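Working notes, structure below.
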There are 2 protein chains.
Amino acid sequence: MSHIPTQRRNEISIGTLSGRTGLAVSAIRYYETQGLVAPERNAGGQRRFLRSDIRRLSFVMIAQKFGFTLDRIREVLGRLPEKRTPTAADWTDISHDFRVELDAQIAALTRLRDKLDGCIGCGCLSLDRCALYNPDDAAGEKGAGPRYLLGDEVVKSDG
Amino acid sequence: MSHIPTQRRNEISIGTLSGRTGLAVSAIRYYETQGLVAPERNAGGQRRFLRSDIRRLSFVMIAQKFGFTLDRIREVLGRLPEKRTPTAADWTDISHDFRVELDAQIAALTRLRDKLDGCIGCGCLSLDRCALYNPDDAAGEKGAGPRYLLGDEVVKSDG
DNA sequence: ATAATTCCTAAACCTAACTTTAGCTCAAGT
DNA sequence: ACTTGAGCTAAAGTTAGGTTTAGGAATTAT
C-alpha cells in the first residue's frame, strides 16, 4: 500500500473533465444519469472518466449547439464502437449523420420562411386557406411538454 | 331584462376561439396569463374575446412554428395598434420583422453547419482549435433553465 | 324546470436540461 | 495530523409551455 495513485494516466476526475470541456460538474453528473457517459468508480466511490470522454462530451456540446436533444445524442453515441476508444474516423462518421439531419432542418425552416413570404404578400396570415396553416411542416406533436424548433434569440455576430 | 344576448356579434367565447384556432382552451387561458390576449369578461365572469383575436392567436401559432418564444411574440404583438382592430397591413408589418429574424437564424444555422463540414474534414471535433468551439455562434447563456436552438426532430414530409 | 354543456379558478403535474442545497465523505497539501 | 478542497447522493428548484384535476358557477338546450 505505498503509492497507488488515485488518478492514473488515463483516468481523470470529474473536476478535470469539467475544466477540459467547460461543462459544469453538475451537468456532467446529469449526463451520466442520461446515459451519455459511463464513468467507472475508484475505491472511494469517486468517478473516474477516460481521457476520451473529453471528446465524447465535446461532441455532446456541439450536437446541442445544433439543437439536438440529449435523447437523440445518446442514440447517435450508441453507434460508436463499444470496447475500443473511438478513432477520429468514428467521430467523423457520426458527425456526418448529424450533417444530414441538419441539412433537413435548414431546408424545413427555409420552406417555412418562404411560406411566410407568400403570406406577407396576400395578407391572409390566419385562416384556413393560409399555407402556414398546414401542419405538415415544422415540429409535430409529441405528447406532453414543450416543443421547440428554434431558440429564443437571434445570433449576434458581435456584441 | 328580456333578451340581452350573452355573446354579442363581435364577441366570442373561449370555446369558439378554441374551435376557430385549433388551440386548446387551456392553452388560450395560459396565453392570457402570458399577456398574449386580453379578453373582457361578461356579467357572469366568462371571457369574451374579439373576433380579431382569432387572427391574433393564429399569428401566435405561426410564430411558434418558427420557433419564437412567447415572450418574443408578446413583444412583437405589442407593436400592433392598441385602440383599433389591426388591419392586414399591420399584420404584414410585424410578419416582415419575423422574416428578418428568421433569415438571421437560418444563416446562423448554416454557418454552424459549414463549420461542422470543416471539422468533418479535419477530424478534430473537440479541442481548442476547433471552430465549433468558439461560442460566438448559436444560443448563448441566459441564466438558469434550458436553452435551445433547434427542435428534437427532423421534419418529415409525410408519415 | 331541469339536465347537459361550457366555463371558471387554483393548484398540481409534465418534459427537458440542468442548478442549487444540504449534509457527508474522500483526497491532497502542509 | 489536520485542514481544505473536491466529490458524493438525494431531493428540491428553475424555465418554458402547457395539460390535468378538482370543485364550483354560468349557459344553453330540452
Side-chain angles (χ1 to χ4, degrees), chain A residues 1 3-8 11-19 22-36 39-49 57 60-61 63-65 67-74 139 141-153, chain B residues 3-8 11-19 21-36 39-49 57 60-61 63-65 67-74 139 141-153:
Chain A
M1 303 74 173
H3 32 206
I4 300 168
T6 297
Q7 187 165 328
R8 290 191 307 183
E11 296 178 339
I12 62 179
S13 69
I14 196 167
T16 304
L17 186 54
S18 169
L23 286 167
V25 166
S26 62
I28 298 176
R29 289 203 194 100
Y30 175 71
Y31 288 166
E32 184 185 359
T33 72
Q34 300 307 295
L36 295 169
E40 310 263 299
R41 299 297 177 118
N42 71 2
Q46 299 194 350
R47 292 171 181 80
R48 292 304 160 204
F49 296 85
L57 289 193
V60 171
M61 294 171 78
Q64 278 204 295
K65 267 197 188 177
F68 294 97
T69 62
L70 296 185
D71 271 11
R72 184 79 190 86
I73 296 171
R74 181 168 27 65
E141 305 285 327
K142 303 211 314 183
R147 299 135 229 153
Y148 304 89
L149 181 63
L150 273 179
D152 51 3
E153 202 177 49
Chain B
H3 32 207
I4 299 167
T6 298
Q7 187 166 328
R8 290 191 307 184
E11 296 178 337
I12 61 179
S13 70
I14 195 167
T16 304
L17 186 54
S18 169
T21 58
L23 285 167
V25 166
S26 63
I28 297 176
R29 290 204 194 98
Y30 175 70
Y31 288 166
E32 183 185 359
T33 72
Q34 301 307 295
L36 295 170
E40 310 262 296
R41 300 295 176 121
N42 71 2
Q46 298 194 352
R47 292 172 180 80
R48 292 305 160 205
F49 295 85
L57 290 192
V60 172
M61 294 172 78
Q64 277 202 294
K65 267 195 187 177
F68 294 97
T69 61
L70 296 185
D71 271 11
R72 185 79 190 87
I73 297 172
R74 181 168 26 63
E141 306 283 330
K142 303 210 314 181
R147 297 138 229 151
Y148 305 87
L149 181 62
L150 273 180
D152 50 3
E153 204 177 48

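Heavy atoms only: backbone and side chains are in, while hydrogens, waters and symmetry mates are out. Quick caveat: nothing in here was measured; it's all calculated off a predicted structure. Below, read A as the first sequence line, B as the second, and so on, with proteins coming before strands; counting in each chain starts at 1.
At D:dT9, one or more side-chain N or O atoms of A:Arg41 fall inside 4.0 Å of OP1 or OP2 (strictly under the cut-off). Contact check, B:Ser13 against C:dT6: no side-chain N or O comes under 4.0 Å of OP1 or OP2. Checking the phosphate oxygens (OP1, OP2) of D:dG7, no side-chain nitrogen or oxygen of A:Arg47 falls inside 4.0 Å. Checking the phosphate oxygens (OP1, OP2) of C:dC26, no side-chain nitrogen or oxygen of A:Arg48 falls inside 4.0 Å. Of the side-chain N and O atoms in B:Tyr31, one or more sit less than 4.0 angstrom from OP1 or OP2 of D:dG18. At least one side-chain nitrogen or oxygen of B:Asn42 sits closer than 4.0 Å to the OP1 or OP2 atom of D:dT27.
Across the interface with DNA chain C, nearest-nucleotide mapping of A:Gln34 and A:Ala43 shows A:Gln34 to be the residue nearer the 5′ end. Between B:Ala27 and A:Glu32, the residue anchored closer to the 5' end of DNA chain D is A:Glu32, taking for each the nucleotide with the nearest heavy atom. Both B:Gly15 and A:Ser26 lie near DNA chain C, and the one whose nearest nucleotide falls closer to the 5' end is B:Gly15.
Residue B:Ile12 contributes atom CD1, which lies 17 Å from atom P of D:dT27 at whole-angstrom precision. One interatomic measurement links the two molecules: CZ of B:Phe68 to P of D:dG17, which rounds to 13 Å at whole-angstrom precision. Per the geometry, CD belonging to A:Glu40 stands 18 Å off P belonging to D:dG7, to the nearest Å. As rounded to whole Å, 16 Å separates atom P of C:dA10 from atom OH of B:Tyr30. One interatomic measurement links the two molecules: CD1 of B:Ile73 to P of D:dA16, which rounds to 13 Å at whole-angstrom precision. Taking atom CG of residue A:Leu17 and atom C1' of nucleotide D:dG7, one finds them 14 Å apart after rounding to whole Å. Between the CZ atom of A:Phe49 and the C1' atom of D:dG7 there is a distance of 11 Å, rounded to whole Å. For the pair B:Leu57 CG and D:dG18 C1', the interatomic distance rounds to 14 Å; values are reported in whole Å.
Among the atoms of the strands shown, base atoms are found under 4.0 Å from some heavy atom of B:Arg29.
Across D:dC8, C:dC18, D:dA16, the shortest atom-to-atom separation from the side chain of A:Gln64 is found for C:dC18. Among the nucleotides C:dC8, D:dT20, C:dA17, the one closest to the side chain of B:Ile14 is C:dC8. Among the nucleotides D:dT19, C:dT19, C:dA27, the one closest to the side chain of A:Gln46 is C:dA27.
Contact annotation: the side chain of A:Val25 approaches that of A:Ser18 to within less than 4.5 Å [non-hydrogen atoms, C-beta and beyond].
Heavy atoms only, all atoms of each residue included: A:Gly35 and A:Arg74 are closest at O-CD, 3.6 Å. Here the shortest heavy-atom pairing between B:Val60 and B:Ile73 reads O-CD1, 3.8 Å.
A:Leu17 contributes atom CG, which lies 4.0 Å from atom CD1 of A:Ile28 (distance to the nearest 0.5 angstrom).
A salt bridge links A:Arg41 with A:Glu32: at least one charged nitrogen is closer than 4.0 Å to a carboxylate oxygen. Using a cutoff of 4.0 Å between basic side-chain nitrogens and carboxylate oxygens, A:Glu40 and A:Arg47 are not scored as salt-bridged.
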